[in-house]
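Values below: all heavy atoms of this structure, side chains included; hydrogens, waters and symmetry mates excluded. Bear in mind that the values here come from a model prediction, so they are computed numbers and not experimental data. Sequence lines set the chain letters: A, B, ... in the order given, protein chains first and strands last, and positions in each chain run from 1.
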Amino acid sequence: MNIKDYILVIAEKPKSAEKIAYALGNPKKYRINGVPVWFVMRGTSRFVIAPAAGHLYTLHTESKGFPVFDYKWVPKYIVEPESIFTRKYLNVLSMLAKNAKEYINACDYDIEGSLIGYMIIKNIGDIKRSKRAKFSSLTASEIVRAFNNLLPLDYNMIEAGYCRHILDWLWGINVSRMLMSIYRSVFNEKRILSAGRVQSPTLSYVVNIDLQRKTHVPVPYAYPSIKIFIDNKIFKLIPIDSPFNSLSDAKEYLENIKRDPRATVLDIIVRDERIEPPHPFNLPDLQSEAHRIYGFTPYKTQKLAEDLYLEALISYPRTNSQKLPPTLNNREILEKLSQNIVYRTLVKTLLAETRGILRPNNGPKEDPAHPAIYPTGEGTLKGLSKDHIKLYDLIVRRYLATFANPAVVQYVRIEFIVHGRRYYLSTNIVRSRGWLQYYPYIHFNGEEISLKLLRKGLQIPIHEAKIVIHFTKPPHLPSKISLVKWMEEKGIGTEATRAEIVETLFKRGYLYMRGRGSGVSELGILISFLLKDYVEELISVELTRKFEERLNMILNMKAKCDDIVEEAKEMLLKYINRVKSLDIQTLRAEISKYIEMSDNNGRRCMICKRSVYANNLCIFHNIALENIRSAYETWRKFGFSWTQYLEKLLKLKSTGSYVKEVCRHLIKQGEF
DNA sequence: GCAAGGTC
Ligand SMILES: [Zn+2]
């Protein structure tokens with residue numbers, strides 16, 4: 001390659017490079033060492049568009065131990081074996097950078113993209129001869145507009161990205177090393193442990209749920225169970241009013257019914273409801289639906305979607321947007337999709353019922369760099385697994401559905417009154433399937449209720465009435481998908497990282513699969529509580545808020561990265577010095593609070609080997625005891641003596657394990 | 001060896 005006098009355009013990834021190249025003119029594609037690059041003339045200027053593959057540089061240290069503050073930037077492929085694929089991208093960019101007369105950072109317009117391009121130009125190009133292309137989407141007109149209005153390098157964004165990297169690195173590496181050091185000194189065993197701004201609050205969330213379950217004391221409540229006949233079909237009425245909290249109130253109510261066993265129809269509501277089509281998929285919604293419909297974990301869905309993207313079957317999947325770009329040629333995509341026999345009829349129906357007016361039901365969620373996920377109509381499914389095809393099918397159907405007509409569902413609700421308490425029956429009947437034809441994964445139809453004999457004020461004999469005692473249940477163990485959703489809701493992690501970070505918690509042995517839920521290991525509990533004791537900031541999502549606030553200050557030139565990094569180092573030093581000042585006995589004593597150590601020589605819980613916290617019990621058994629005591633008040637109103645109560649708790653499935661252990665202990669002790 | 005963030 002002897003051409004000089006060209007401008008090197010750096011894209012974040014190959015797919016973006018291609019779009020940029022085609023927006024700028026009529027490009028010619030080459031492959032250098034397996035990396036695609038595009039040459040294009042624009043006016044009298046020659047552009048060479050070459051891709052990165054995300055971050056090509058990362059932070060690294062050679063130092064052992066902690067605190068560790070001497071990081072440096074190095075090519076990623078050198079220090080991360082799993083990033084070896086970035087080597088060829090960096091090599092091709094280096095080669096092209098040598099003779100380039102100018103450099104344009106055309107990575108995604110966010111802090112990470114600004115940093116990706118900057119690091120490349122700084123290391124293998126020349127920042128004095130560089131510019132930034134700023135576009136909000138990768139459409140031809142946006143790209144052209146950006147190249148007609150090239151900006152100087154966006155140093156504020158670069159600095160914010162730079163700072164985000166360093167902060168996460170400092171917190172993550174230092175605290176991880178501190179945990180490993182504590183673990184090794186106490187257990188005389190090496191073990192890989194980790195902590196971080198995103199993973200640690202997530203772990204702590206699961207540990208809290210696990211603790212709630214283990215210390216759960218079911219509390220009784222009573223609902224009337226009333227059955228009536230409507231047109232020879234039996235129905236159980238659903239209570240509207242709150243339950244009885246004492247057995248005597250419930251029994252009194254039942255007596256009233258026995259005296260006068262009639263239900264009166266209060267109201268009959270029949271109305272048609274329009275159910276709008278679903279929004280186009282973003283990654284969280286896709287992960288959620290693939291889990292609901294096919295049982296895929298969020299990580300699996302993400303990997304499958306990435307494969308489909310690399311096969312050009314779908315658009316970029318790591319997006320939070322629920323909006324299809326207004327410039328998207330949906331007509332053309334539909335025509336291509338209809339070449340697949342599976343979708344031919346569906347596409348035909350869709351074009352007929354929309355009369356060709358394709359307006360997606362875009363949702364509110366946005367993404368700084370990418371639109372919602374849609375099928376391209378291109379690529380081939382040949383050689384892909386059954387699961388790939390399932391996911392592709394889901395994406396195509398969702399895409400079709402979002403253009404379709406609303407579904408019309410007839411909603412029927414009948415309200416009753418029985419001795420001053422209200423009940424209802426309800427059902428749905430799909431009147432017009434609309435978008436459900438394309439996306440038939442939601443079932444609206446309920447049991448049919450015949451309305452022909454019903455009218456307001458009608459009194460219907462009660463067929464059966466009894467009081468049913470229910471017990472409160474603890475929260476479920478969160479599934480992987482609910483953890484990803486929780487992270488999204490709390491605003492930690494990104495589309496690209498959440499599912500993977502959940503997997504990290506499993507890889508570390510903090511969590512394990514218990515059915516579809518995530519159980520917490522003793523190690524997970526220990527790590528979560530040690531962090532709470534020694535680095536409390538790290539188990540809260542507020543640390544992310546604090547980072548965001550600092551990064552925003554950098555963006556607004558109200559702070560410098562160096563000062564923020566200094567602040568973080570000071571905080572970390574404070575935490576680290578405190579832990580370093582503790583002797584091994586103190587650490588052992590601390591750990592003995594949370595897990596059972598066979599050589600715990602301190603005062604032990606009467607039930608387990610953990611150290612005493614209060615009432616001669618460890619921290620967990622003591623919570624259980626307090627819950628047992630405070631829940632008894634309600635149980636008493638249901639006629640349970642203290643002993644009967646404890647014995648009943650032992651029999652109930654939803655009673656927490658720590659609670660059962662305390663019950664056995666109390667019974668054995670004869671504390672009646 | 002450890003994070004979280006990009007992406008093949
Ligand atoms: Zn205990």
Exercise. Reckon A/Glu306 touches a base, only the sugar-phosphate, or nothing at all at heavy-atom distances under 4.0 Å?
Worked result: nothing
For this session: Answer yes or no: does a side-chain N or O of A/Thr494 lie under 4.0 Å from OP1 or OP2 of B/dG6?
Result: yes
Exercise. Base, sugar-phosphate alone, or nothing: which one does A/Gln302 contact when heavy atoms must sit under 4.0 Å apart?
Worked result: nothing
For this session: May I ask you to check whether A/His370 and A/Tyr316 place their ring centers less than 6.0 Å from one another?
Result: yes
Exercise. Can you tell me if the side-chain N/O atoms of A/Arg164 get under 4.0 Å from OP1 or OP2 in B/dG6?
Worked result: no
Exercise. Touch check for A/Phe66, heavy atoms < 4.0 angstrom, all strands: base, sugar-phosphate only, or nothing?
Worked result: nothing
For this session: Ignoring the backbone of A/Ile501, work out which of B/dC8, B/dG6, B/dA4 is nearest its side chain.
Result: B/dA4
For this session: May I ask you to say what A/Ala195 touches in the nucleic acid, namely base, sugar-phosphate or nothing, with a heavy-atom cut-off under 4.0 Å?
Result: sugar-phosphate
Exercise. Hey, what's the ring geometry for A/Phe39 with A/Tyr6, parallel, tilted or perpendicular (30° and 60° as the breaks)?
Worked result: tilted
Problem set entry | Note: A/Arg545-A/Glu542 ion pair, threshold 4.0 Å (strictly below) | no
For this session: State whether A/Ser194 places a side-chain N or O below 4.0 Å from either non-bridging phosphate oxygen (OP1 or OP2) of B/dA3.
Result: yes
For this session: Would you indicate which nucleotide in B/dG6, B/dC8, B/dC2 comes nearest to any side-chain atom of A/Ser176?
Result: B/dC2
Exercise. If only side-chain N and O atoms of A/Arg87 are considered, is one of them under 4.0 Å from the OP1 or OP2 phosphate oxygen of B/dT7?
Worked result: no
For this session: Indicate the ring-plane relationship of A/Tyr205 and A/Trp486, choosing parallel, tilted or perpendicular according to the 30° and 60° boundaries.
Result: parallel
Exercise. Roughly how far, to the nearest 0.5 Å, is the CG atom of A/Leu24 from the NZ atom of A/Lys19?
Worked result: 14.0 Å
Exercise. For the side chain of A/Arg318, counting heavy atoms from C-beta on, which of B/dG6, B/dG5, B/dC8 is nearest?
Worked result: B/dC8
For this session: Report yes if at least one side-chain N or O of A/Arg191 is closer than 4.0 Å to OP1 or OP2 of B/dC2; otherwise report no.
Result: no
Problem set entry | Which nucleotide in B/dA3, B/dC2, B/dG6 has an atom nearest any side-chain atom of A/Ile192 | B/dC2
For this session: Would you mind telling me which of B/dA3, B/dG6, B/dA4 lies closest to the side-chain atoms of A/Thr86?
Result: B/dG6
Seminar exercise, completed: Picking from B/dC8, B/dA4, B/dG6, the nucleotide nearest the side-chain atoms of A/Thr58 would be B/dA4
Exercise. Tell me: CG of A/Asp168 to P of B/dC2, nearest whole Å?
Worked result: 16 Å
For this session: Let me know the distance between CZ of A/Arg197 and P of B/dG5, rounded to the nearest Å.
Result: 5 Å
Exercise. Is A/Lys76 touching bases, backbone alone, or none of the nucleic acid, heavy atoms closer than 4.0 Å?
Worked result: base
Problem set entry | Options B/dG1, B/dC8, B/dA4, nucleotide nearest the side-chain atoms of A/Met180 | B/dG1
For this session: Assign A/Pro14 to base, sugar-phosphate, or nothing according to its heavy-atom contacts below 4.0 angstrom with the strands shown.
Result: sugar-phosphate
Exercise. When you measure from the side chain of A/Glu500, which nucleotide among B/dT7, B/dC2, B/dG5 comes out closest?
Worked result: B/dT7
Problem set entry | Most 5' of A/Tyr309 and A/Ile173 on DNA chain B, judged by nearest nucleotide | A/Ile173
Exercise. NA contact type, A/Asp108, heavy-atom cut-off 4.0 Å: base, sugar-phosphate, or nothing?
Worked result: sugar-phosphate
Exercise. Base, sugar-phosphate, or nothing for A/Gly161, non-hydrogen atoms under 4.0 angstrom?
Worked result: nothing
Exercise. Is the A/Trp73 to A/His165 ring centre distance short of 6.0 Å?
Worked result: yes
Seminar exercise, completed: Side-chain atoms of A/Lys64 come closest, of B/dT7, B/dG1, B/dG6, to B/dG1
Exercise. Under 4.0 Å: is that the gap between some side-chain N or O of A/Tyr316 and OP1 or OP2 of B/dT7?
Worked result: yes
For this session: Answer with base, sugar-phosphate or nothing: what part of the nucleic acid does A/Leu193 contact at a heavy-atom distance below 4.0 Å?
Result: sugar-phosphate
Exercise. A/Tyr183 vs A/Phe187 aromatic rings, parallel, tilted or perpendicular, using cut-offs 30° and 60°?
Worked result: tilted
